[in-house]
2 protein chains.
Amino acid sequence: MGVYIQVLEDLQSQQQQVIPSEKLAEKCEVNSSQIRKDLAYFGEFGVRGVGYYVTDLLQAIKHFLGIDRNWNCILVGVGNLGRALLRHRQLPQKGFQIRMAFDCDPFKIGEHVAGHEVVCTRRLKEKAQLMQIDIGLITTPPERAQRAANHMMQAGIKGIINFAPTRIHVSSDVTVDYVDFSNHLISMAFRLSHP
Amino acid sequence: MGVYIQVLEDLQSQQQQVIPSEKLAEKCEVNSSQIRKDLAYFGEFGVRGVGYYVTDLLQAIKHFLGIDRNWNCILVGVGNLGRALLRHRQLPQKGFQIRMAFDCDPFKIGEHVAGHEVVCTRRLKEKAQLMQIDIGLITTPPERAQRAANHMMQAGIKGIINFAPTRIHVSSDVTVDYVDFSNHLISMAFRLSHP
DNA sequence: TCTTTCTTGTGAAATTTTTCTCAAGTTCAT
DNA sequence: ATGAACTTGAGAAAAATTTCACAAGAAAGA
Ligand SMILES: NC(=O)c1ccc[n+]([C@@H]2O[C@H](COP(=O)([O-])OP(=O)(O)OC[C@H]3O[C@@H](n4cnc5c(N)ncnc54)[C@H](O)[C@@H]3O)[C@@H](O)[C@H]2O)c1
Ligand SMILES: NC(=O)c1ccc[n+]([C@@H]2O[C@H](COP(=O)([O-])OP(=O)(O)OC[C@H]3O[C@@H](n4cnc5c(N)ncnc54)[C@H](O)[C@@H]3O)[C@@H](O)[C@H]2O)c1
């Protein structure tokens with residue numbers, strides 16, 4: 001689904017107003033009926049004989065996915081990866097604002113990264129509750145990920161994305177998503193080994 | 001599949017020698033027959049009534065996936081994300097060595113990041129051919145990703161992992177994999193909007 | 001208006017993935 | 001030994017996903 005947005009935004013910036021599923025499929029490298037099925041799932045947006053109106057479609061997809069609004073995020077673990085995310089300009093562009101950054105290292109507390117002051121993790125609950133935080137990003141070492149998740153849950157955060165390569169345990173009303181690059185490297189190694 | 005490795009390595013470091021699929025499934029948060037099917041796919045590694053020997057299983061999985069060896073990688077685009085990857089200690093630990101780093105920004109060329117000298121992208125072919133490079137990582141801005149891919153193809157690299165949020169076109173003997181965090185954020189936004 | 005050319009939306013078919021089930025192998029206490 | 005308790009591997013069933021195929025709507029030229 002994310003690919004559709006990527007490609008449609010490209011088309012939009014190229015001023016292309018309409019695109020048929022066949023062409024969109026090519027750009028997304030998927031089957032065209034796949035696209036039609038996916039899009040039909042949340043409404044009739046195409047026009048027979050014409051195709052899909054890029055802008056309308058984008059808006060419809062974004063609304064359906066819940067990304068036609070801003071989401072407040074916090075980040076715990078201002079290390080290599082944490083800094084990269086804090087400095088990543090595309091996240092706020094897409095409606096995901098990292099509102100605060102936390103770390104437990106006294107040398108990092110007080111530092112500023114991309115306009116964010118790094119705050120002590122112990123103050124997470126207190127700080128995060130001042131603002132309605134939707135999503136927490138964990139970029140601590142794996143052995144600290146559970147602790148970071150606990151802090152987030154105490155602050156009432158219901159969505160956690162864990163970049164540390166370890167499973168975490170959360171209560172049933174919290175959604176966790178795992179991001180692990182090494183899976184992509186592994187998958188690549190496999191494909192290169194079995195040509 | 002990557003989860004299995006993660007969890008098995010955890011077990012190994014805890015000195016646990018044997019684990020039944022049921023317990024492994026719990027830790028990986030998947031169905032236990034799923035695990036048995038997956039593992040049976042590349043051999044009979046379990047012992048009925050006992051379970052799987054952690055060390056043997058790990059070795060077998062790693063061999064099957066082609067990660068019981070070292071893979072030579074290069075990275076193009078020494079920005080926020082590129083630096084994080086260059087400094088990421090787990091990659092070499094898992095057998096993925098980033099051998100060289102390239103950038104086109106004259107201010108960055110010559111700089112050292114995590115023991116790697118940053119080299120001008122124009123010298124990629126020349127440099128990369130001195131060593132058998134297996135995998136190329138693209139961490140440039142999206143509008144430069146295709147160019148980076150072209151350089152890699154010219155150097156004979158057959159596997160490309162693109163962290164830039166754009167599709168790239170490659171010849172049929174090259175494998176591309178896309179990594180896009182924002183997909184995880186989008187998926188989280190969707191799940192939080194449809195509770 | 002009619003015909004030709006596109007292209008969607010969708011039911012049906014095909015394929016893939018996941019789950020269920022259980023015979024058969026292993027261990028251990030008695 | 002024997003039985004009870006486990007656990008795998010794999011066939012069958014179920015569920016989900018992907019692809020096919022085409023009726024029906026839209027546009028454009030004759
Ligand atoms: N660097 C990468 O490119 C990369 C890629 C994929 C995954 N990861 C994963 O992301 C995580 C971070 O990687 P990194 O390279 O940034 O490591 P890092 O060591 O540079 O950063 C970790 C940061 O977390 C902080 N921290 C530790 N415990 C904490 C706690 N309890 N509360 C708050 N902050 C805490 C540390 O002070 C440090 O600043 C790791 O789990 C790593 O495996 C990193
Ligand atoms: N920062 C993140 O956390 C993050 C997360 C996800 C995806 N990404 C993606 O990763 C890419 C890099 O992000 P970033 O934040 O590091 O950006 P960045 O601007 O900090 O870094 C980009 C680097 O690429 C270099 N570059 C540009 N053109 C080049 C070329 N032709 N050859 C070699 N080097 C070239 C630039 O000099 C710069 O050093 C972007 O596409 C971004 O969308 C970044």
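Worth saying up front: this structure is predicted, and the values here are computed from it rather than measured. Each chain gets a letter, A, B and so on, in the order its sequence line appears, and its residues count up from 1.
Residue A:F163 forms a side chain to side chain contact (heavy atoms under 4.5 Å, CB included) with just one option from A:L81, A:I138, A:L75, and that option is A:L81.
For the pair B:N31 and C:dT17, the criterion of a side-chain N or O lying under 4.0 Å from OP1 or OP2 is not met.
Atom CZ of B:R122 sits in a sparse spot, with 12 or fewer heavy atoms from other residues, nucleotides or ligands closer than 6.0 Å.
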Intermediate values then yes/no, salt bridge (Lys or Arg N to Asp or Glu O under 4.0 Å), B:K108 and B:E111: CA-CA 5 Å; B:K108 287 180 178 158; B:E111 194 187 332; over 6 Å; no
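Between the side chain of A:H116 and the main chain of A:V113, a donor-acceptor pair closer than 3.5 Å is present. Judged by distance alone, the side chain of B:N72 and the main-chain N or O of B:Q132 form a donor-acceptor pair under 3.5 Å. In this structure, the side chain of B:D103 engages the main chain of B:V78 through a donor-acceptor pair within 3.5 Å. With B:T139 contributing its side chain and B:V76 its backbone, the two residues share a donor-acceptor pair below 3.5 Å. A:D56 contributes no side-chain N or O that, together with a main-chain N or O of A:A60, makes up a donor-acceptor pair within less than 3.5 Å.
A ring-centre distance under 6.0 Å is not found for A:F45 and A:Y53.
Near DNA chain C, defined here as any heavy-atom distance below 4.0 Å, there are no residues from residues 4-28 of chain B. For the contact set between residues 34-42 of chain B and DNA chain C, defined by any heavy atom under 4.0 Å, the members are B:Q34, B:R36, B:K37. Within residues 51-67 of chain A, no residue places a heavy atom under 4.0 Å from DNA chain D.
No hydrogens or angles considered: a donor-acceptor pair under 3.5 Å links the side chains of B:N150 and B:Q146.
Each of B:S33 and A:R48 was matched to the nucleotide of DNA chain C holding its nearest heavy atom; the match closer to the 5' end belongs to A:R48.
Distance CD (A:E44) to C1' (C:dT10): 10 Å, rounded to an integer number of Å.
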